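FYI, the numbering just counts along the sequence from 1. What you see below is based on every heavy atom in this structure, not just the backbone, and it leaves out hydrogens, waters and symmetry mates. Every value quoted in this text rests on a predicted model; they were computed, and no experiment measured them.
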Amino acid sequence: MATVRIIAFELEGADGGPLRGEVRTGAAQDGGPAVVISHGFKGFKNWGFFPHLATRLARAGMTAVSFDFSGSGIGPDGESFSEPERFGHATFSNDLADLHRVIVALGGGTLVEPLAPPGTFGLFGHSRGGATAVLSAVNHRGCACLVTWAAVAETMRWDPGTIRRWRAEGKLDVVNARTGDVLPLYTDVLDDLDAHRSKRLDVLGAARTIAMPWLIVHGDADESVPVSDAITLHEAAGSGVAELKVIEGGSHTFGARHPWGGSTPALDEAMDLSVAWFSRHLL
């Protein structure tokens with residue numbers, strides 16, 4: 001089994017602060033294929049299954065790139081929400097800009113030394129990060145394939161009543177059930193959606209233009225994003241482009257928890273499908 005090296009990197013994030021990430025590789029630095037991993041809302045690169053997915057991809061012969069979005073709220077330790085103001089001002093557009101910066105640095109060979117630019121790359125995203133990956137894939141010609149887990153089909157996830165209260169109070173308190181943190185979410189994300197939801201942030205519109213092989217994975221017991229979102233995305237992508245895999249008993253995180261407590265049958269299935277998909281289309 002290949003030894004996996006982990007190399008940290010830091011870029012300037014879309015919000016002007018640091019964008020922290022790491023590269024995992026078990027291959028020679030010869031321009032081999034890469035997979036860029038996007039976490040979801042209230043997620044982070046070290047959460048639960050992400051390091052294990054990245055390690056599996058590296059051992060399969062790919063370079064795995066994971067990072068914390070600049071609006072994740074996660075601080076330098078990679079574990080705690082010590083930057084709540086950055087979380088509060090996070091937007092979908094900033095997420096897209098962060099992912100773009102990572103892809104450009106990766107493709108230019110400036111992400112980490114001595115990593116050569118990949119010959120090709122794929123995108124992976126979970127939940128909100130799945131939507132970000134879909135939106136980004138259509139803007140990067142070098143992207144050869146795509147995998148999304150529990151991806152949202154619509155960027156506006158809040159009901160009108162919540163939005164009215166949110167705008168009246170200037171912020172929405174977001175409770176992270178996993179950590180107990182209460183994080184502020186200001187109206188930046190609403191303003192961003194009002195301005196760009198019908199064009200730049202139209203997930204279904206992007207899905208209709210996806211031409212690369214796309215694996216859509218969703219659990220039928222997802223408590224956060226209904227499996228109907230996966231069906232909607234699959235239908236939007238059209239025949240012959242996307243493949244839908246609904247995992248029986250799979251929750252939003254396929255049973256994974258943080259801190260990591262081991263895998264589950266649902267997560268094993270999702271990982272096996274995804275590593276095989278990237279291997280088939282990148283190697």
Side-chain angles (χ1 to χ4, degrees), residues 32-40 53 56-57 60-65 92-93 95-96 99-100 102-104 106-107 118-157 196-220 222 224-248 250 252 254 266-267 269-283:
V35 177
V36 183
I37 299 170
S38 296
H39 65 76
L53 174 62
R56 281 202 55 178
L57 289 167
M62 291 161 276
T63 294
V65 181
F92 282 92
S93 289
D95 287 355
L96 274 174
L99 180 53
H100 176 74
V102 171
I103 292 171
V104 169
L106 176 67
T120 187
F121 73 93
L123 294 176
F124 171 93
H126 175 252
S127 194
R128 172 166 159 169
T132 304
V134 172
L135 293 167
S136 183
V138 299
N139 293 315
H140 289 278
R141 293 184 179 180
C143 183
C145 61
L146 173 66
V147 175
T148 57
W149 288 6
V152 299
E154 167 59 62
T155 47
M156 181 60 78
R157 309 299 293 179
H196 304 296
R197 180 183 173 197
S198 64
K199 293 182 180 180
R200 182 198 302 164
L201 303 179
D202 179 6
V203 182
L204 287 182
R208 294 185 185 100
T209 67
I210 292 286
M212 69 203 66
W214 177 11
L215 176 64
I216 301 171
V217 182
H218 215 107
D220 66 2
D222 192 320
S224 298
V225 179
V227 71
S228 58
D229 279 40
I231 295 169
T232 299
L233 288 170
H234 184 243
E235 291 174 347
S239 176
V241 174
E243 184 173 325
L244 173 62
K245 293 291 186 180
V246 178
I247 296 182
E248 184 177 356
H252 190 57
F254 302 95
L267 182 59
E269 183 177 353
M271 284 204 182
D272 289 346
L273 288 167
S274 301
V275 174
W277 189 267
F278 283 124
S279 297
R280 184 187 319 156
H281 297 290
L282 293 180
L283 294 176

What distance do [X] atom [atom1] and [Y] atom [atom2] have between them, rounded to the nearest 0.5 Å?
X	Y	atom1	atom2	answer
Leu135	His100	CG	NE2	14.0 Å
Leu53	Met271	CG	CE	5.0 Å
Ser224	His252	OG	NE2	4.5 Å

Minimum-distance pair of heavy atoms, taken over all atoms of [X] and [Y]:
X	Y	value
Ala34	Leu282	O-CD1, 3.7 Å
Leu57	Phe278	CD2-CD1, 3.8 Å
Gly40	Ser127	CA-CB, 4.4 Å
Ile247	Val217	CD1-CG1, 3.6 Å
Thr120	Ala144	OG1-CB, 3.2 Å
Ala151	Val225	O-CG1, 3.7 Å

Worksheet item: So, Ser279 side chain and Val275 main chain: donor-acceptor pair closer than 3.5 Å or not?
Response: yes
Discussion item. Test: salt bridge (charged side-chain N to carboxylate O under 4.0 Å, His left out). Region: residues 122-131. Which pairs qualify, not counting sequence neighbours?
Written reply: Asp95-Arg128
Just to verify, what does [X] make a salt bridge (Lys or Arg N to Asp or Glu O under 4.0 Å) with, not counting sequence neighbours?
X	value
Arg197	Glu154
Asp222	none
Arg157	Asp229
Glu243	Lys245

Worksheet item: Looking at Val102, Leu146, Leu96, which hits side chain to side chain contact (heavy atoms under 4.5 Å, CB included) with Ser136?
Response: Leu96
Report all side-chain donor-acceptor pairs from residues 203-215 shorter than 3.5 Å, counting only partners two or more places apart or in another chain.
unit_1	atom_1	unit_2	atom_2	d
Thr209	OG1	Ala206	O	2.9
Trp214	NE1	Thr148	OG1	3.0

Sequence neighbours left out, what passes ring pair (Phe, Tyr, Trp, His ring centres under 6.0 Å) with [X]? Give chain and number order.
X	value
His234	none
His218	none
His196	none
Phe254	Trp149

Worksheet entry | Residues which pass side-chain contact (heavy atoms from CB on, under 4.5 Å) with Ser228, listed by chain and number, not counting sequence neighbours | Pro226
Fill in: side-chain contact (heavy atoms from CB on, under 4.5 Å) involving Asp220 - partner list, sequence neighbours excluded
Val246, Glu248
Worksheet item: Given side chains that start at C-beta, do those of Ser38 and Phe124 come closer than 4.5 Å, heavy atoms only?
Response: no
